[in-house]
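Worksheet for the structure shown next.
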Amino acid sequence: MLSMFIFETFSVYQLAKKLYEEVLVVIRKRKLDYAVNDQLQRALLSIMLNIAEGSGKYTRKEKRCFYLIARGSCHESAALMKILPFHGIELSQVNCWYQDLVTIGKMLTGMIKAFGTKEL
């Protein structure tokens, strides 16, 4: 059996990765505005990468910082989802992805709270 990095076992990472892959397949088939396409890909990728990087940090404060950044990227992705129907992406598909982002956001909020914040 192959060894895994700890972040690969996180449900939130697995969901973020699945969402990134699904969105990428659809938007690559569309002629989206370059800025929207690029920003959406970068925001979704940022969720995954900040979860991964945070999992590799030693202190609670450092971990929390990266999970906060991932949560911010989740919110950015949600805002971008709202404009996808104007670019020809089916509303039902966008709503499904949006709900995944809601779930990811809640999971990240839970992780952030676990590292000792009273701000959320």
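It should be emphasised that the depicted structure is a prediction, and the values quoted were computed from it without experimental measurement.
Using a 4.5 Å heavy-atom threshold, the side chains of K17 and E8 count as separate. Counting only heavy atoms from C-beta outward, the side chains of Q41 and Y20 approach each other to under 4.5 Å. Proximity of E22 to V26: side-chain heavy atoms (C-beta onward) are nowhere separated by under 4.5 Å. The side-chain heavy atoms of K18 and D100, taken from C-beta on, include a pair separated by under 4.5 Å.
Remark: Q14 CD to I51 CD1 distance equals 10.5 Å, nearest 0.5 Å. Separating the CZ atom in R30 from the CD1 atom in I89 is a distance of 4.5 Å, to the nearest 0.5 Å. Note that CE of M48 and CG of L19 are 10.0 Å apart. Values are rounded to the nearest 0.5 Å. Here NZ of K82 is found 8.5 Å from CG of L91. Values are rounded to the nearest 0.5 Å. Rounded to the nearest 0.5 Å, atoms SG (C65) and CD1 (I112) are 10.0 Å apart. Interatomic distance, W97 CH2 to L40 CG, rounded to the nearest 0.5 Å: 8.0 Å.
E62 pairs by the salt bridge (Lys or Arg N to Asp or Glu O under 4.0 Å) definition with nothing, not counting sequence neighbours. Not counting sequence neighbours, R60 has no partner by the salt bridge (Lys or Arg N to Asp or Glu O under 4.0 Å) test. Annotation: salt bridge (Lys or Arg N to Asp or Glu O under 4.0 Å) contacts of K63 (sequence neighbours excluded): none. Under the side chain to side chain contact (heavy atoms under 4.5 Å, CB included) criterion, V36 pairs with D33, I83, L84, H87, not counting sequence neighbours. In this structure K106 satisfies the salt bridge (Lys or Arg N to Asp or Glu O under 4.0 Å) test with no other residue, sequence neighbours excluded. Every ring pair (Phe, Tyr, Trp, His ring centres under 6.0 Å) that F7 has, sequence neighbours left out, goes to F5, Y13.
Formation of a donor-acceptor pair under 3.5 Å by the S46 side chain with backbone atoms of R42 is not found in this model.
For CD of E90, the number of neighbouring non-hydrogen atoms (other residues, nucleotides, ligands) closer than 6.0 Å is 12 at most.
Residue M111 comes nearest to V12 through the heavy atom pair SD-CG1, 3.6 Å, listed as atom of the first residue, atom of the second, then distance. Summarising the geometry of A43 relative to S73, their closest heavy-atom pair is O-CB, 3.5 Å, with the distance given to 0.1 Å. What you find for C74 and I104 is that their closest heavy atoms are SG-CG2, 4.1 Å.
Residue L24 is grouped with residue L80 when hydrophobic side chains (ILVMFWY) are merged at heavy-atom distances under 4.5 angstrom, including chains of intermediate members. Clustering ILVMFWY residues whenever any of their side-chain heavy atoms sit less than 4.5 angstrom apart, transitively, puts Y58 in a cluster other than the one holding F115. Grouping the Ile, Leu, Val, Met, Phe, Trp and Tyr side chains by contacts below 4.5 angstrom, directly or via other members, places L45 with I27. With hydrophobic clusters built from ILVMFWY side chains whose heavy atoms lie under 4.5 angstrom apart, M107 shares a cluster with I6.
Aromatic ring pairs are classed by plane angle as parallel below 30°, tilted from 30° to 60° and perpendicular above 60°; the pair Y67 and F10 is perpendicular.
In this structure, a donor-acceptor pair under 3.5 Å is absent between the side chains of N95 and Q99.
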I47/L101 under side-chain contact (heavy atoms from CB on, under 4.5 Å): CA gap, chis, key distance, verdict: CA-CA 10 Å; I47 298 168; L101 286 168; 4.0 Å; yes
